[in-house]
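Starting off with a structure, shown below.
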Amino acid sequence: MASKDRGKGKQRGRGGAEAVVGQVDGGRAELAPDRERPGAWTLLIDGAPQSHVDLDDPGYLDFSYQRRIGHLIDLAAPARQPLNVLHLGGGAFTLARYTAASRPRSTQQVVEIDAPLVAFVREHLPLDPQARVRVRAVDARAGLAKVPDGWADLVIADVFSGARTPAHLTSTEFLDEVRRALAPTGWYVANLADGPPLAHLRAQIATAASRFTELALAADPVVWRGKRFGNAVLVAADRELPVAEFTRRVASDPHPGRVEHGRALADFAGGAAPVADAAAVASPQPPPSVFQ
């Protein structure tokens, strides 16, 4: 789910390309052509933007939160080095396409519960047949459980049912499974969405801090201040993170963001408690104005 800081409006592509509509398990899926980038499309589910894909340039990331995750994909290892990447949540496979383009020979798994959505995207926005991307239409946590111990260099969680992250993907038990699947030097990256008073975001920071030694979080300044609902990108690991370079890249984005880590991030969490399965709830429902 992406809030309205995703970039310029998308209505109709050059050459008169028309929107494509289909019914998927999550609701009404629409692929809206990008009026400024030929070959580019925005995926919406029930009007909520999910992904932007440029088939001609998969290295282009339009949504701010996806660009921030792209920075982390770039920083996770030396340039062009192949990675094992697990994507929880498929959307239009934007980040898997980005990884395949920027790190050839990477091995990737995409777990997306909505099988009709997978088929819809495959039909209209086909994956490069040379990319080593396997897509499985199962629940994210069930798919995670099947990943071998220590296989993943990156686990990227971008899972929304409608516009909310399901409760069972917000808990310490979920993160225990993530850590099991990660290599010792691996990173967990999550797209989180919240608005005032940011209780969900603070709890997710506390939950990650209970399982990982190093954390950093990127978000727009207005989101940090609790002035607007929006996306925040969390990265967590058991090794030192390249916070300075991540901060520089996020600050240089078209929609500049701010990165916090260490004591400042712990202070922001404000004593929030980690979330266990028994008490987990879905992320908040965004207000309608987020997508206007």
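The figures here come from the full heavy-atom set of this structure, side chains too, leaving out hydrogens, waters and symmetry mates. These numbers come from a predicted model, not from an experiment.
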Q. Do Phe174 and Leu192 share a hydrophobic cluster, counting only Ile, Leu, Val, Met, Phe, Trp and Tyr and linking them when any side-chain heavy atoms are less than 4.5 Å apart?
A. yes
Q. Taking C-beta and beyond as the side chain, do Leu217 and Val259 meet within less than 4.5 Å on heavy atoms?
A. no
Q.
If the threshold is 4.0 Å, N to carboxylate O, is there a salt bridge linking Arg28 and Asp46?
A. no
Q: Verify the cluster assignment for Ile205 and Tyr65: are they in a single hydrophobic cluster under the rule of side-chain heavy atoms below 4.5 Å apart?
A: no
Q | Residue of the set Leu182, Leu154, Val155 for which side chain to side chain contact (heavy atoms under 4.5 Å, CB included) holds with Trp187 | A | Leu154
Q. Under 4.5 Å between any side-chain heavy atoms of Phe120 and Asp114, yes or no?
A. no
Q: Could you label the plane-to-plane angle of the Phe63 and His52 rings as parallel, tilted or perpendicular, counting under 30° as parallel and over 60° as perpendicular?
A: tilted
Q) Stepwise, does the side chain to side chain contact (heavy atoms under 4.5 Å, CB included) test hold for Leu144 with Val178? A) CA-CA 7 Å; Leu144 173 62; Val178 169; 3.8 Å; yes
Q | In one Ile/Leu/Val/Met/Phe/Trp/Tyr side-chain cluster, 4.5 Å: Leu241, Phe246 | A | yes
Q.
Check whether Gln66 reaches the backbone of Gly70 with its side chain - one donor and one acceptor, N or O, closer than 3.5 Å.
A. no
Q. Any chance the side chains of His168 and Asp277 put a donor and an acceptor closer than 3.5 Å?
A. no
Q: Determine the minimum heavy-atom distance between Pro274 and Thr207, stating which atoms define it.
A: CA-OG1, 3.6 Å
Q. Roughly how far, to the nearest 0.5 Å, is the CG atom of Leu86 from the CD atom of Gln108?
A. 10.0 Å
(Q) To the closest 0.5 Å, what do you measure between CG (Asp153) and OG (Ser106)? (A) 8.5 Å
(Q) Applying side chain to side chain contact (heavy atoms under 4.5 Å, CB included) to Asp54 and Asp57, what does each step give before you reach the verdict? (A) CA-CA 5 Å; Asp54 189 329; Asp57 181 10; 4.0 Å; yes
Q) Are Asp176 and Arg211 within salt-bridge range, i.e. N to O under 4.0 Å? A) yes
Q: May I ask you to establish whether Arg179 and Phe212 are in a cation-pi arrangement, using a distance under 6.0 Å from NZ or CZ to the six-membered ring centre and at most 45° from the ring axis?
A: yes
Q. Among all residues two or more places apart in sequence or in another chain, which pass the salt bridge (Lys or Arg N to Asp or Glu O under 4.0 Å) test with Glu260?
A. Arg258
Q. If you measure from CD on Glu240 to OG1 on Thr213, what distance do you get to the nearest 0.5 Å?
A. 10.0 Å
**Q.** Arg68 vs Asp253, side chain to side chain contact (heavy atoms under 4.5 Å, CB included): CA-CA, chis, key distance, verdict
**A.** CA-CA 8 Å; Arg68 288 164 190 166; Asp253 280 340; 3.8 Å; yes
Q: For the residue pair Thr94 and Leu61, establish whether any side-chain heavy-atom pair is separated by less than 4.5 Å.
A: yes
Show me the donor-acceptor pairs, under 3.5 Å and distance only, between side chains in residues 72-83 and residues at least two apart or in other chains.
residue : atom : partner : partner atom : Å
Asp74   : OD1  : Tyr98   : OH           : 2.8
Asp74   : OD2  : Tyr98   : OH           : 2.9
Asp74   : OD2  : Arg249  : NH1          : 3.4

Q: Give the minimum heavy-atom separation between Asp56 and Gly39, together with the two atoms involved.
A: OD2-CA, 3.8 Å
Q | Exercise: identify the closest heavy-atom pair between Pro221 and Gly257 | A | CD-CA, 4.2 Å
Q) Is there a donor-acceptor contact under 3.5 Å linking the side chains of Arg132 and Thr107? A) yes
Q: Check for a donor-acceptor pair, side chain of Asp194 on one end and backbone N or O of His200 on the other, with a separation under 3.5 Å.
A: yes
Q | Rounded distance [0.5 Å steps], CD in Glu112 versus CG in Leu117 | A | 5.0 Å
(Q) A side-chain contact here means heavy atoms from C-beta on lying under 4.5 Å apart; do Val138 and Val111 qualify? (A) yes
Q) For Arg97 and Leu125, which heavy atoms make the closest approach, and how far apart are they? A) NH2-O, 2.7 Å
Q. Would you call Asp220 and Arg228 a salt bridge, using N to O less than 4.0 angstrom?
A. yes
Q. Is there a side-chain contact between Val53 and Phe93, using heavy atoms and a 4.5 Å cut-off?
A. no
Q: Over all heavy atoms of both residues, which pair between Val133 and Ala96 is shortest? Give the atoms and the distance, please.
A: CG1-CB, 4.3 Å
**Q.** Heavy-atom closest pair, residues Ala29 and Ile45
**A.** CB-CD1, 3.8 Å
Q.
Taking the side chain as everything from C-beta on, heavy atoms only, tell me whether Arg141 gets closer than 4.5 Å to Glu173.
A. yes
(Q) Is it true that, when you exclude His261 itself, more than 12 heavy atoms of the residues, nucleotides or ligands shown sit nearer than 6.0 Å to its NE2? (A) no
Q: Would you mind reporting whether Thr165 and Thr170 have side-chain heavy atoms less than 4.5 Å apart?
A: yes
Q) Do the charged groups of Arg263 and Asp267 touch, with an N to O distance under 4.0 Å? A) yes
Q) If two hydrophobic side chains count as joined below 4.5 Å and joins carry through other members, does Val233 share a cluster with Val243? A) yes
Q) Looking at Tyr60, does the NZ or CZ of Arg37 lie under 6.0 angstrom from its six-membered ring centre and within 45 degrees of the ring axis? A) yes
Q: Rounded to the nearest 0.5 Å, what's the gap from OH on Tyr188 to CG on Leu88? Could you check?
A: 7.5 Å
Q.
Applying a strict under-4.5 Å side-chain criterion to I, L, V, M, F, W and Y, I'd like to know whether Phe160 and Leu169 cluster together.
A. no
Q.
In the structure I gave you, are the side-chain heavy atoms of Val20 and Glu30 within less than 4.5 Å of one another anywhere?
A. no
Q.
Using modelled atom types and a 3.5 Å cut-off, is there a donor and acceptor pairing between side-chain atoms of Asp158 and backbone atoms of Asn191?
A. no
Q: For the pair Arg202 (side chain) and Phe268 (backbone), establish whether a donor and an acceptor sit closer than 3.5 Å, ignoring hydrogens and angles.
A: yes
Q) Distance only, no hydrogens: is a donor on one side chain within 3.5 Å (strictly under) of an acceptor on the other, for His87 and Gln109? A) no
**Q.** Gap separating the OG atom of Ser161 from the CD1 atom of Ile113, nearest 0.5 angstrom
**A.** 8.0 Å
Q: Walk me through it: do Ile156 and Val85 pass the test side chain to side chain contact (heavy atoms under 4.5 Å, CB included)?
A: CA-CA 8 Å; Ile156 300 173; Val85 185; 4.0 Å; yes
